[in-house]
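A quick write-up on the structure given underneath.
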Amino acid sequence: VQLQASGRGLVQAGGSLRLSCAASGTIFSIKNMGWYRQAPGKQRELVAQITSDGTTNYPVSVKGRFTISGDNAKRMVYLQMNSLKPEDTAVYYCYAERNVKYWGQGTQVTVSS
């Protein structure tokens with residue numbers, strides 16, 4: 001599985017940004033896809049997940065502000081981020097999970113105050 005993320009950007013607090021992740025290769029039996037983020041000096045954390053049956057999961061820190069969606073036909077996963085805060089600044093990584101996690105390259109999101 002190969003994952004290509006796009007949509008990096010610099011936005012002001014309160015703004016919005018959409019990240020995209022394109023999947024290619026052998027993607028059958030993918031259980032879920034989503035996004036993690038990692039801020040400097042912090043552990044990588046899950047910010048959004050969508051399962052194969054369309055169930056979505058978010059941590060409290062982003063719930064109500066971030067929305068994950070998928071387009072199976074296009075093999076795309078999107079992360080719509082609204083009401084961005086400076087603490088959302090991080091490198092965002094898309095992933096796909098089968099028996100192991102596959103990772104895309106990180107994309108930088110910077111939110112200025």
Side-chain angles (χ1 to χ4, degrees):
V1 179
Q2 291 81 47
L3 302 168
Q4 180 70 41
S6 59
R8 64 187 298 161
L10 168 64
V11 298
Q12 290 188 328
S16 298
L17 196 64
R18 189 174 86 152
L19 304 182
S20 300
C21 181
S24 61
T26 306
I27 64 171
F28 70 90
S29 298
I30 292 294
K31 298 176 183 177
N32 57 76
M33 295 183 68
W35 297 85
Y36 276 72
R37 69 184 179 189
Q38 187 166 23
K42 294 189 177 181
Q43 288 188 328
R44 193 173 292 193
E45 62 171 348
L46 177 70
V47 293
Q49 177 189 77
I50 184 165
T51 65
S52 57
D53 65 0
T55 302
T56 57
N57 297 292
Y58 308 92
V60 171
S61 58
V62 308
K63 201 166 188 177
R65 300 189 297 121
F66 289 13
T67 303
I68 189 170
S69 60
D71 185 329
N72 290 335
K74 295 182 178 179
R75 298 185 172 188
M76 297 290 294
V77 174
Y78 306 98
L79 182 66
Q80 178 67 43
M81 303 185 291
N82 299 327
S83 302
L84 282 161
K85 305 175 181 180
E87 51 263 44
D88 294 318
T89 295
V91 177
Y92 284 68
Y93 299 88
C94 68
Y95 80 94
E97 184 172 14
R98 191 155 50 209
N99 295 321
V100 297
K101 278 191 173 70
Y102 300 88
W103 297 95
Q105 89 287 7
T107 186
Q108 178 70 47
V109 172
T110 303
V111 184
S112 63
S113 56

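The analysis underlying the following values was restricted to heavy atoms, covering all of them including side chains, and did not include hydrogens, waters or symmetry mates.
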Straight-line distance of Thr51 OG1 to Asn57 CG, nearest 0.5 Å: 7.0 Å
Nearest atoms (heavy-atom pairs only) where Gln2 meets Gly25: OE1-CA, 3.6 Å
hydrophobic_cluster_shared for Leu19 and Leu46, side chain cutoff 4.5 Å: no
Lys85 side, atom NZ; Ser61 side, atom OG - distance, nearest 0.5 Å: 8.5 Å
Gln105 (side chain) donor-acceptor with Gln4 (main chain) under 3.5 angstrom: no
Polar side-chain atom of Arg98 near backbone of Ser29 as donor-acceptor pair, under 3.5 Å: no
Residue pair Gly9 / Leu17: nearest heavy atoms and the distance that separates them: N-CD2, 4.0 Å
Minimal non-hydrogen separation, Arg75 against Ser24, with atom names: NH1-CA, 4.2 Å
Side chains of Gln12 and Ser112 in contact at under 4.5 Å (non-hydrogen atoms): yes
Exercise: identify the closest heavy-atom pair between Val111 and Asp88: CG2-CB, 4.2 Å
Distance in Å, Met81 CE paired with Arg65 CZ, rounded so as to fall on 0.5 Å steps: 9.5 Å
Taking every non-hydrogen atom, the tightest pair across Ala96 and Val1: CB-CG1, 4.3 Å
Pairs touching residues 83-113 that satisfy ring pair (Phe, Tyr, Trp, His ring centres under 6.0 Å), sequence neighbours left out: Tyr36-Tyr95, Tyr36-Trp103, Tyr95-Trp103
Crowding at NZ, Lys74 (>12 non-hydrogen neighbours, <6.0 Å): no
Residue of the set Leu3, Leu79, Ile68 for which side-chain contact (heavy atoms from CB on, under 4.5 Å) holds with Cys21: Leu3
CD1 on Ile50 to CG on Asn72, rounded to 0.5 Å: 8.0 Å
Straight-line distance of Glu97 CD to Met33 CE, nearest 0.5 Å: 11.5 Å
Partners passing side chain to side chain donor-acceptor pair (under 3.5 Å) against Asn82 (at least two apart in sequence or in another chain): Ser16, Gln80
Qualifying ring pair (Phe, Tyr, Trp, His ring centres under 6.0 Å) pairs, either residue in residues 39-89, two or more places apart: none
Approximate separation, where rounding is to 0.5 Å, of Thr89 OG1 and Arg37 CZ: 9.0 Å
Closest approach of Gln108 to Ala90 (non-hydrogen atoms, all atoms of both residues): NE2-O, 3.4 Å
